[in-house]
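Below is one structure, written out as C-alpha cells; the observations come after it.
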Number of protein chains: 2
Amino acid sequence: MHDVARLAGVSIKTVSNVVNDYNHIRPETRKRVLDAIETLGYRPNLSARGLRSGRTGVISLIIPDLRNAYFAELADAVMRAADTQNLSVIIEQSGDSRERELSLLTGPRRQMVDGILYSVLALGEDDAHLLDAIDTPMVLLGERIFHGPTDHVTMRNTEGARAATEHLISLGRTRIVALGAHRGEVVGSAGLRLRGYRQALDDAGLPYDEALVGEVGGWYRKEGADAMRRLVASGVPFDGVVAFNDLIALGAMRVMQEAGLSIPADVAVIGFDDIDETRYTLPSLSTINPGREEIAEVAVRLLMERIASPGVAIAPREHLSAFTVVPRESSAAV
Amino acid sequence: MHDVARLAGVSIKTVSNVVNDYNHIRPETRKRVLDAIETLGYRPNLSARGLRSGRTGVISLIIPDLRNAYFAELADAVMRAADTQNLSVIIEQSGDSRERELSLLTGPRRQMVDGILYSVLALGEDDAHLLDAIDTPMVLLGERIFHGPTDHVTMRNTEGARAATEHLISLGRTRIVALGAHRGEVVGSAGLRLRGYRQALDDAGLPYDEALVGEVGGWYRKEGADAMRRLVASGVPFDGVVAFNDLIALGAMRVMQEAGLSIPADVAVIGFDDIDETRYTLPSLSTINPGREEIAEVAVRLLMERIASPGVAIAPREHLSAFTVVPRESSAAV
DNA sequence: GCGGAGAGTTCCAACGTTGTAATGTGCGTA
DNA sequence: TACGCACATTACAACGTTGGAACTCTCCGC
C-alpha cells in the first residue's frame, strides 16, 4: 500500500480511501491510484483490514454433514447468496454431535468470522439460553430452536407435510405411512412434519394409525430402508408413503421395489427437500421443495444486517420460506 | 491478552508464549496463565495473529460444484483432514467456468488463505504456466494439469477404468459401452479413463468400437441419461456399461430400465467414484472407489508442508491414490 | 566466589490497514 | 477582503498479536 501511494504520489490513506470507495476523491486522483494498484498488482491484506476494522468478510456455516445432499445443496445456496455480498464462507461440520456443535459455537475460530449461520441439529429448545452468551451475530436454520435470541429462518414444515399428505389423499390413498418420525419429538423437523401429516389425515377424516408411523434414528437412506423393511415385515397394509426427507424416501422405495411393490401403482410416495437426485431416480420422486434459495438468501441478508450494525440490539426475527409441492412419477395417478 | 497478563501477573508476551506452546515455561506459570485465560474467557484475535505471523490457519478449496456428490464428499474428506491440523476450510465454487476459476486464483480473497487446494476443471495443461505467477502454496487435485509447478494429487484414472472394464469382461461381457467421453480430450479424467477402457479391451482381444463410446457434455445424471437415450435409439447392441462417474451411470441406468433392459441380466453396469448413493440405488451400483480419504489426507499434508516452509522451493510432487473395485448388484453374476 | 550455560521472562517494534481529526484547497457570499 | 462551507487529502494513532533481542535468575562446575 505504501508502494502504491508512492507511485501514485498520494498518501497511503488516499489509497485506502480509493480502495474503500470513499466519496470525496477527485476522479483524476482515483484513476492515478487505480493505475498504480494495477501496475504493482497490489492486493489488500485482509488480516490487517480485519484487525483494524473488526470485520473479516467471512461467515461460517455450521451444518451436520456435507455428504447429506440436503446440506450440500443448502451450502451451495448459501455460498451463492454470500458471494453476491462479497462474503466468503467457512463450512464447519458438526456431525450430529452435540458436543461438537457447542465447541464450534464457542471455539477460537469464531474469532475469525463476522457471523454464523447455524443449522441446528443436536441442540434443542432448552439450549436456547446457551446462545445468549454468544455475541457473534447469528442466524439459525432448521427446526430445533424456535424462540432463541437470534434470527431464525426455515421452511413451513407442518404446512409442507400437510400438503404432501393431502397430495396423496387426493390420489385416493387412505393408508398412508409417515416415515421418519423421531420418538417423542415435538419441536424438530420430524415432530413438525408429523403434526402436518396428522392434520391432513384429520381434515380428510382418516384415522391416525400408529402402526403406520415409521420411526427412524437418522434421516439417511439406510434408516429409511430399515424402517420400510420393518414395516413390510410387519404385514401392515399401506398404499402411500410420506417420507420426511428424500433420502428416507429413496431408501424406502428401494426396499419396496425389492419386495415387489410397484410405485406408484401399489404405493404412492412423496419425499421432502427436492434434492437434485429425486429427478433421476426410477421412478422420479415427488417431493416438497422447501424453498432453499429463499432460505439461503434471507438468512444471509438477516445476518448481514446484524453484522452491519454491531452493538445494536435487533429483536429476533423469524422467516418462513414458501414451499411447493413437486409432483413426479412416484405419485402419478395410476 | 493484556487483561490475561495482568490477572496472571506476567507479561503479555508470556501469555502469547503459553498460547503458542513455547518450550520454556515453568509449569506453574503456565497454569497461572491458563487459569486467567479460562476466567476471562480470552480468545486470541485471529486477524491480529494472521497479520503478525503471516498465517491465517485457513485454506481454500476450489471445486466446481458442491451439488455434485463427488465434490461434496471430497469436500467432506478435505474438511476432516484439515480439521486434524486445526485448519479451517473456505470452499469456493468455480461452477465449471474458466473465467471464474482464474478469478478465484488471483482475486483478493487469496490474501486470506495460507494455501489452496485446487480441483482443476476448466483450465488445461496449457494453462499450467498461469500457476507460476501464484505464490500462495497450492496443491492440485484432478486430472487437467499434470506437469505444473505445484504438487498434484489424484487417483489412478487409467488403471481404475481398466480395472472396471476388466471386471465386466470377467463376467463375460463383450460389447461394453464407455459412457462419459469428451470429444478429443486426452489428458482430463475422461481421456484417461477412456484410455484405460481401451487398454482392457485390447488386452482381452476385444475390438474397440466407436459406436459404443458415448460422449457427453458434462458428468451429471442428465448427460448420462441423454447419452444412453441416444445409444438405445441407435439400436447398437451392448451388454455392459462402464460409466466414467457414478452420476452418469445412474442417469443411464434409469433410461435402460425405462427401456425395459434388466440390470445386470441384460446389461452389467459399473460406475466411478463410489458416492454414498450407489449403495442404495436399485440395483446398487458397482463402482470404483478412488481413495478419496487418501487423496484428501495427502493433499492437506503436502499443502501443510509447503505452508510450513515459506520461501523454500519444493520440487513438485505427485501422488496417485490407491483405488479399489467395489462390486455390487449392477454387475452381479447372473 | 566466579564464570557461564541455559531456562524463563520481558521489552520493543512491527505486521498493513483504517478511524478520527486535522489540514489544505477552491468557491460563493456577505 | 473576509468568511463559511464543501470538497479533497493527509498525519497519526491504534487494532492485538508475535519475532527477536535482551534481560534476569538459577544452577552447575571449577
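Salt-bridge formation is detected for the pair B:Asp83/A:Arg100: a Lys NZ or Arg NE/NH1/NH2 atom is positioned less than 4.0 Å from an Asp or Glu carboxylate oxygen. Between B:Glu305 and B:Arg301 there is a salt bridge, since at least one side-chain N of the basic residue sits less than 4.0 Å from a carboxylate O of the acidic one.
Counting distance only, with no hydrogens placed and no angle test, the side-chain atoms of B:Lys13 and the base atoms of C:dG8 include no donor-acceptor pair under 3.5 Å. B:Arg52 contributes no side-chain N or O that forms a donor-acceptor pair with the base of D:dT17 under 3.5 Å.
For the pair B:Asp273 (side chain) and B:Ile275 (backbone), a donor-acceptor distance under 3.5 Å is absent.
Among the atoms of the strands shown, only primed sugar atoms or phosphate atoms (P, OP1, OP2) are found under 4.0 Å from some heavy atom of A:Ile25. Within the nucleic acid shown, A:Asn17 comes within 4.0 Å of at least one base atom, counting heavy atoms only. Within 4.0 Å of B:Val10, counting heavy atoms only, lie sugar-phosphate atoms of the nucleic acid but no base atom. A:Thr29 comes within 4.0 angstrom of sugar-phosphate atoms only, judged by non-hydrogen atoms across all strands, and of no base. Residue contacts shown for A:Leu46 are absent, as no nucleic acid heavy atom lies under 4.0 Å away.
Following rounding to the nearest Å, A:Arg55 (CZ) and C:dT18 (P) show an atom-to-atom distance of 12 Å. The distance from atom OH of B:Tyr22 to atom C1' of C:dG6 is 10 Å, rounded to the nearest whole Å.
Comparing the start and finish of the helix from C:dG1-D:dC30 to C:dA30-D:dT1, five pairs each, the helix axis swings through 50°, to the nearest 10 degrees.
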Side-chain donor-acceptor distances from residues 44-52 of chain B under 3.5 Å, at least two apart:
| from | atom 1 | to | atom 2 | distance (Å) |
| --- | --- | --- | --- | --- |
| B:Asn45 | OD1 | B:Ser47 | N | 2.8 |
| B:Asn45 | OD1 | B:Ala48 | N | 2.9 |

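For A:Thr56, the side-chain hydrogen bond (donor to acceptor under 3.5 Å, both in side chains) partners two or more places apart in sequence, or in a different chain, are A:Asp114.
A side-chain donor-acceptor contact under 3.5 Å links B:Thr136 and B:Arg110.
Between A:Ser11 and D:dT9 there is no side-chain polar atom (N or O) within less than 4.0 angstrom of OP1 or OP2.
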